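Notes for the one structure printed next.
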Amino acid sequence: MRRLTTILIAALLALTGPILATERVALVIGNAEYKTLQRLPACLRDARLMADTFSTKLGITIHGGKPLTDLTAGQMDDAIHAFANTLGPDTEAYIYFSGHGVQADGVNYLLPVDYSAKYKVQLKRQAVSLDDVLAVLEGSRAKLRVIILDSCRSPGEFLPGEPSEKGLRRKGGLAEQNVENPDTLVCFATKHGTPAFSPDELNTTDTSLYTSVLAQEIVKPGKIEDIFKNVAIGVYAKTEKQQLPFTYGSLVHDFSFIPGGGQPVIARITPTMPEVPVRNSTPPVVSGADSALRTASKTEPFVNSLGMKFVPVPGTNILMCTTETTVVQYQAAGLGYEAPKFSQGDNHPAVNVSWNDAQAWCKWLSAKEGKRYRLPTDAEWSAAVGPSTYPWGNQWPPPNN
């Protein structure tokens with residue numbers, strides 16, 4: 001119980017690279033309940049898998065706190081612009097979309113669930129142009145921009161009002177995508193002009209093959225371009241050379257999904273799942289480039305305005321709080337607090353705090369200090385506590401001494 005309590009309460013200061021102020025954020029969209037096109041239930045599972053992989057295993061913040069699903073055209077536009085407006089010069093930005101995509105006149109479009117176009121002129125008004133998404137992202141201040149599209153399926157007739165002899169019946173796949181700016185990638189589930197396999201075609205009702213392979217590969221060390229190469233190799237092999245993922249654009253700087261390129265350690269307990277309420281408070285994560293953060297050590301920790309002490313975790317690029325979040329520290333945010341059925345002092349660990357409560361507390365502390373606090377990821381917690389299953393080691397029952 002003590003170890004579980006510590007897992008759910010330990011505060012983390014996440015600093016990517018050698019104590020740098022890099023922010024990593026992702027917009028995740030999954031469209032499934034189409035009104036006029038084939039419904040794609042797997043796209044919801046795709047979006048949830050990617051959001052969980054980004055946040056829980058890589059420590060990447062999900063815009064809106066969760067995957068956005070079944071969006072209309074207006075909602076997609078709003079989400080993309082709102083996301084871009086949050087990006088600063090030290091931000092690595094990722095957009096993931098799973099749903100129907102089409103191309104017309106060499107332009108790629110992402111289809112919202114309210115798509116009902118019969119003619120090409122309506123398509124251009126109702127769908128979201130990939131060129132426009134790319135322009136919005138490139139117009140932001142982000143230092144890395146990655147768009148991942150699992151949208152190369154074959155819905156069949158997408159402009160039923162156009163005469164078939166005009167050749168407007170959707171051909172398999174999307175069009176080749178032009179990417180001009182450096183440090184920008186657009187990643188397709190399959191090469192332009194070819195369709196991707198659906199889960200039904202592969203005799204599975206789970207996630208799409210591309211997304212499942214992607215989720216497995218991005219938690220491995222290596223440069224981002226090498227990760228997508230490995231994704232292509234995996235999907236190409238699993239489809240007997242029929243589906244080849246393609247990446248457009250180039251990187252002129254080195255980036256990795258895993259900060260520092262290190263190998264993540266998979267935790268036995270997941271403290272950051274929003275679906276599971278917890279009894280104890282959960283901590284914040286902060287990003288900043290203050291000299292106090294850069295010089296923090298075990299003997300001279302970084303101390304924030306609440307008196308919380310943060311020290312480096314060997315083998316990682318983070319600082320972690322040395323104690324639980326206390327009652328007085330949690331209540332400083334003015335959030336509601338359900339007192340337990342036992343007496344507590346101000347310096348006792350805060351309990352009866354849900355995941356959402358912890359997120360709200362992190363947001364408050366971030367605004368208060370001008371740094372970004374968040375919850376620890378699985379990999380970060382595992383690196384901090386080590387491989388032991390129990391406080392005394394890995395054996396059961398515990399030793400007599």
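Here, residue 1 is the first one in the sequence, and each next residue gets the next number. Owing to the predicted nature of the structure, the values given are computational and were not obtained by experimental measurement.
Across every non-hydrogen atom of Asn108 and Ala175, the tightest pair is OD1-N, 2.6 Å.
In this structure, Phe83 and His63 have perpendicular ring planes: the angle between them is above 60°, well past the 30° mark. Phe255 and His253 have perpendicular rings, their planes meeting at more than 60° on a 0 to 90° scale where under 30° would count as parallel.
Summarising the geometry, atom CD belonging to Glu33 is positioned 10.5 Å from atom SG belonging to Cys43; distances are rounded to the nearest 0.5 Å.
Proximity of a side-chain donor or acceptor of Asp52 to a complementary backbone N or O of Arg48 within less than 3.5 Å is not detected. Side chain of Asn31 to main chain of Asp70: a donor-acceptor pair is present (N/O by atom type, distance under 3.5 Å, no hydrogens or angles). Between the side chain of Thr239 and the backbone N or O of Gln243 there is at least one donor-acceptor pair closer than 3.5 Å. Under the 3.5 Å distance criterion, the side-chain polar atoms of Ser256 are matched with a main-chain donor or acceptor of Ile258. No donor-acceptor pair closer than 3.5 Å links the side chain of Glu23 to the backbone N or O of Pro89. Without hydrogens or angle criteria, Gln122 side chain to Lys118 main chain gives a donor-acceptor distance under 3.5 Å.
Counted by atom type alone, Asn347 and Gln329 present zero donor-acceptor pairs between their side chains at under 3.5 Å. Looking at Thr194 and Thr190, their side chains do bring a donor and an acceptor atom within 3.5 Å of each other. Residues Ser305 and Lys368 have side chains that bring a donor and an acceptor to within less than 3.5 angstrom of each other. For the residue pair Asp150/Ser98, the side-chain donor-acceptor check at 3.5 Å is not satisfied.
Looking at Phe246 and Leu174, their side chains never come closer than 4.5 Å, going by heavy atoms from C-beta outward.
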- Should His100 and Tyr115 be marked as a ring pair (Phe, Tyr, Trp, His ring centres under 6.0 Å) after you check the CA-CA gap, both sets of side-chain angles, and the distance that decides it? CA-CA 10 Å; His100 280 311; Tyr115 173 85; 8.9 Å; no
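In this structure, the ring of Tyr94 has its center no less than 6.0 angstrom from the ring center of Tyr96.
A salt bridge links Lys120 and Asp105; the closest N-O separation between the charged side-chain nitrogens and carboxylate oxygens is under 4.0 Å.
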